[in-house]
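A short worksheet on the structure shown next.
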Amino acid sequence: MLKTLTVENFALIENVTVEFGEGLNILTGETGAGKSILIDALGAVLGNRTGINKIRKGADYLRVAANFFVDEKNFIVERKISRAEKNSITLDGKPINLAALKKFCAALVDVHGQNKSLELLREEKIYSLIDDEKISAVLKNFQELYRELNSKVRLLEKKKSAREENLQRLDFWRWQEQEISSADLKPNEDEELATEIKKLSHAEKISENVQMSAQILNGEEFDILTSLARVEKNLETVARYDDKLNSARKLLEDAEINLREAYEEIRDYAETLDFSPERLDELQARADIISRLKHKYGSSVNEILQRLEKIRGDIAAAENFDSNVEELQKNIAALELQTKICAEKLLKLRQASAENLNRKIEDELHNLGMMRAKFEIVVEATEKFSKLGGDKAEIFFCANVGEEKLPLSKVVSGGELSRIALAIKIVLATERRGDFFKTMIFDEIDTGLGGVTAKTVAECIERISRGWQVLCITHLPQIASMARTHLQIKKSEVDGRTVTKVKLLDEEERVKEIARMASGEESAAAIKNAREMLLSAEKFKRTIRSQKRTM
């Protein structure tokens with residue numbers, strides 16, 4: 001519920017904090033006093049468009065703050081608009097944007113006026129009336145099937161459009177697969193080839209250096225190993241007389257062993273050298289084949305092999321296209337059947353719900369003075385599915401006897417549309433279902449009403465307020481007499497400026513205000529009439545309370 005509304009520098013309002021109560025809050029005042037201004041200010045924190053033209057003359061900014069109490073928690077929404085266009089919106093002190101503000105407040109407050117009543121002409125709004133929790137669960141299942149069905153249908157269309165292209169490319173893919181496969185490539189083959197070609201290309205230099213190295217180690221001209229043996233023998237003689245060179249002798253022994261092992265490895269390598277020109281030609285020819293394949297399919301043999309796997313996958317997909325399409329078509333047919341069954345179930349539930357609502361809404365229209373009115377929500381199957389189901393919903397209405405029921409948009413006037421919207425809200429409030437809110441605002445719903453109808457509308461609003469907080473601007477004393485909280489909006493002059501004030505009325509002040517509303521004066525007869533209206537309203541409230549206790 002809305003606990004407080006603080007308005008600062010908004011049109012005629014300089015600084016006002018209004019405290020609202022549970023149940024029915026009535027706002028009254030003479031024409032032009034500023035009742036609608038207060039609702040406009042509330043609209044600012046609900047996310048309505050509000051410009052600098054609403055800033056009070058002489059002020060630099062306007063500010064509106066609303067304190068909501070929802071689910072045992074307080075939420076404070078504040079909106080500030082300055083002439084310098086430095087605007088801000090906060091929720092509990094944290095900045096939010098206008099879209100987030102609208103979304104947050106949309107579930108908290110519903111403003112009932114002629115513009116809002118026009119929403120009844122939208123199909124989605126009609127569905128929000130007839131779709132209860134059970135229907136919503138079936139709708140969710142339908143929408144899941146519908147999304148999957150559309151996804152499969154789009155995939156099938158995509159496959160069919162790609163079919164000709166794939167068939168044209170199939171021969172090319174097969175030729176590519178044959179070209180790569182015939183090369184019989186091995187992983188890392190290009191790297192191994194490059195190493196061997198490098199070796200064979202420098203065969204003479206390798207042989208020359210290997211032979212020279214072997215001769216230096218153990219040859220006729222140098223013979224390092226023989227010379228090293230002589231040094232060891234000399235040091236062995238020295239050791240007989242002095243052991244200080246034993247460590248040096250040991251190092252030379254180790255060196256001789258290492259050098260001899262090196263010599264044997266070099267000798268063995270020299271014996272295996274086979275520099276065949278034919279082998280080099282063979283390797284270079286193989287390298288040329290791989291080079292041509294690299295130019296087409298990848299920078300290395302491994303990349304070419306990866307490309308081969310992809311080509312084979314494309315070939316398999318193209319060759320299996322018909323079987324894949326056939327399987328996809330079977331899936332689509334099964335989904336279409338499931339979706340159709342779910343849509344039919346949804347249709348039956350909606351038709352039953354609509355029939356139940358039709359009777360109740362029509363009864364409320366009769367109570368609201370439209371005694372001859374005929375009201376019907378018609379739900380019919382459609383040839384095509386949509387996200388809303390496999391049906392369409394439309395409201396048909398007739399205000400007079402003997403006339404044919406026609407679509408609401410073609411026959412209803414603005415006043416009738418407002419009355420229909422009120423009847424719907426009464427029914428939804430009673431059943432606690434549909435697109436409903438914790439706070440409802442009725443902005444001058446009494447336009448064009450009087451007499452018995454005004455009393456009936458007052459009773460209807462009181463019934464709604466038993467389950468919800470209601471804020472109602474009215475000119476009718478019949479409605480004002482139902483108030484649990486009565487706020488008077490009054491315009492006065494302060495220091496040469498017009499200022500709108502809001503006052504909470506006590507019981508005696510309420511009597512005088514209702515007398516003024518009923519007769520325009522506070523005579524004894526008007527006061528007596530006002531007291532009788534308040535007593536009658538209180539009697540009706542007690543009746544409602546007793547009915548609720550027995551339910």
Taking atom [atom1] of [X] as the centre, does the number of heavy atoms from other residues, nucleotides or ligands within less than 6.0 Å exceed 12?
{"X": "Lys340", "atom1": "NZ", "answer": "no"}
{"X": "Glu309", "atom1": "CD", "answer": "yes"}
{"X": "Gln329", "atom1": "CD", "answer": "yes"}
{"X": "Lys345", "atom1": "NZ", "answer": "no"}

With sequence neighbours excluded, what pairs up with [X] under the ring pair (Phe, Tyr, Trp, His ring centres under 6.0 Å) test?
{"X": "Phe172", "answer": "none"}
{"X": "Phe375", "answer": "none"}
{"X": "Phe385", "answer": "Phe142"}
{"X": "Phe69", "answer": "none"}

Pair [X] + [Y]: basic N to acidic O under 4.0 Å:
{"X": "Lys205", "Y": "Glu208", "result": "no"}
{"X": "Lys186", "Y": "Glu192", "result": "no"}
{"X": "Arg169", "Y": "Asp314", "result": "no"}

Ignoring hydrogens and geometry, is there a side-chain-to-backbone donor-acceptor pair from [X] to [Y] under 3.5 Å?
{"X": "Ser182", "Y": "Gln178", "result": "yes"}
{"X": "Asn87", "Y": "Ser82", "result": "yes"}
{"X": "Thr6", "Y": "Val64", "result": "no"}

Heavy atoms, side chains only, cut-off 4.5 Å: are [X] and [Y] in contact?
{"X": "Leu98", "Y": "Leu101", "answer": "yes"}
{"X": "Leu471", "Y": "Val109", "answer": "no"}
{"X": "Glu144", "Y": "Glu148", "answer": "no"}
{"X": "Leu305", "Y": "Val301", "answer": "yes"}
{"X": "Leu2", "Y": "Leu42", "answer": "yes"}
{"X": "Leu108", "Y": "Thr439", "answer": "no"}

Practice task
List for me each residue that meets side-chain hydrogen bond (donor to acceptor under 3.5 Å, both in side chains) alongside Lys102, sequence neighbours excluded, and say none if there are none.
Solution key: none
Problem - Test side-chain hydrogen bond (donor to acceptor under 3.5 Å, both in side chains) applied to Thr226 - qualifying residues, sequence neighbours left out - result: Asp223
Exercise for the section: Among residues two or more places apart or on two chains, list those pairs meeting salt bridge (charged side-chain N to carboxylate O under 4.0 Å, His left out) that have a residue in residues 86-99. Expected result: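 Non-adjacent pairs meeting salt bridge (charged side-chain N to carboxylate O under 4.0 Å, His left out): zero.
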Practice task
Identify, with sequence neighbours excluded, every residue that meets side chain to side chain contact (heavy atoms under 4.5 Å, CB included) alongside Lys103.
Solution key: none
Problem - Arg267: partners by side chain to side chain contact (heavy atoms under 4.5 Å, CB included), with sequence neighbours left out - result: Tyr263, Glu264, Glu271
List the atom pairs, donor and acceptor, that lie under 3.5 Å between side-chain atoms in residues 252-259 and the rest of the protein, sequence neighbours left out.
unit_1, atom_1, unit_2, atom_2, d
Glu253, OE2, Arg249, NH1, 3.3
Glu256, OE2, Arg260, NH2, 3.4
Asn258, ND2, Asp254, O, 3.3

Side-chain atoms of residues 73-80: list all donor-acceptor pairs with protein atoms under 3.5 Å, sequence neighbours left out, distances to 0.1 Å.
unit_1, atom_1, unit_2, atom_2, d
Glu78, OE1, Arg63, NH1, 2.8
Arg79, NH1, Ala44, O, 2.8
Arg79, NH1, Asn48, O, 2.7

Practice task
May I have the step-by-step check of side-chain contact (heavy atoms from CB on, under 4.5 Å) for Arg286 and Ile290, ending in yes or no?
Solution key: CA-CA 6 Å; Arg286 180 66 174 170; Ile290 292 176; 4.3 Å; yes
Problem - Rounded distance [0.5 Å steps], CG in Leu293 versus CG in Leu308 - result: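 Leu293 CG to Leu308 CG: 10.0 Å, rounded to 0.5 Å.
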Practice task
Please lay out, stage by stage, how Glu282 and Arg279 fare under the test salt bridge (charged side-chain N to carboxylate O under 4.0 Å, His left out).
Solution key: CA-CA 5 Å; Glu282 181 184 329; Arg279 175 61 177 166; 3.2 Å; yes
Practice task
Only pairs at least two apart or in different chains count here, so list each ring-ring contact (aromatic ring centres under 6.0 Å, His included) that has a residue in residues 230-259.
Solution key: none
